[in-house]
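Worksheet for the structure shown next.
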Amino acid sequence: MKQLHVKNHFVPESYLKRWGNIDNKIWVYRTLVSNKKVPLWKDYSASAIAYQKHLYTQIIAGNESDELETWFDKNIESPANKVLDRAVADSRLSPKDWDILIKFLAAQDVRTPARL
């Protein structure tokens, strides 16, 4: 049986990893803390931030499905990751590359928890 994607990232991990430090950790600012002893900044791995459990999980024919998460990966994130690699390397982007980036940007807008 296929493993269900439970942690659904509303910001793709492949994008978050680009912000990582030497330890591949990303510094996150906490806007809510329980008391003054809790640090405002803490570093996390990309897999530990910008996700919500079962954000895109659907029940289809009585079974849990991560079809939407898989679709995002195949049609939006994987193609965009290659283009983002070229952009970061300061390579010239083709018109098709720009189309892929526009789809990636639009997907980031509509897939946030606030939009759902």
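Residue numbers start at 1 and run along the sequence shown.
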CG on D43 to CG on N21, rounded to 0.5 Å: 6.0 Å
N8 side chain reached by Y51 side chain, heavy atoms, under 4.5 Å: no
Residue set satisfying side-chain contact (heavy atoms from CB on, under 4.5 Å) with Q108, at least two apart, ordered chain then number -> P12, F104, R111
Should we say atom CG of D90 is surrounded by more than 12 heavy atoms from elsewhere, each under 6.0 Å from it? no
Which pairs count as salt bridge (Lys or Arg N to Asp or Glu O under 4.0 Å) when at least one residue sits in residues 4-32, sequence neighbours excluded? R18-D85
Write down the atom of V33, the atom of L40, and the distance for their closest heavy-atom approach. CG1-CD2, 4.1 Å
Side-chain heavy atoms of V28 within contact of K42, under 4.5 Å: no
State, yes or no, whether a side-chain contact exists between F10 and F72 at a heavy-atom distance under 4.5 Å. no
Please determine whether residues W41 and W19 belong to a single hydrophobic cluster, defined as Ile, Leu, Val, Met, Phe, Trp and Tyr linked transitively by side-chain heavy-atom distances below 4.5 Å. no
Using modelled atom types only, decide if a donor and an acceptor are shared between the side chain of N81 and the backbone of S78 within a distance under 3.5 Å. no
Give a yes or no answer on whether the side chain of N24 reaches the backbone of G20 with a donor-acceptor pair at less than 3.5 Å. no
Note, Y56 side chain near D66 side chain (heavy atom, < 4.5 Å): no
Can you give me the closest heavy-atom contact between E69 and H5, atom names plus distance? CG-CB, 4.0 Å
With side chains defined as the heavy atoms from C-beta onward, is the minimum distance between L101 and L84 less than 4.5 Å? yes
Closest heavy-atom pair and its distance - W98, L93: NE1-CB, 3.5 Å
Distance from K82 atom NZ to D97 atom CG, nearest 0.5 Å? 11.0 Å
Side chain to side chain, I100 and K103, heavy atoms closer than 4.5 Å: no
When rounded to the nearest 0.5 angstrom, what distance separates NE2 in H9 from OG in S14? 10.0 Å
Check whether I102 and L105 end up in the same hydrophobic cluster, where Ile, Leu, Val, Met, Phe, Trp and Tyr are linked by side-chain heavy atoms less than 4.5 Å apart. no
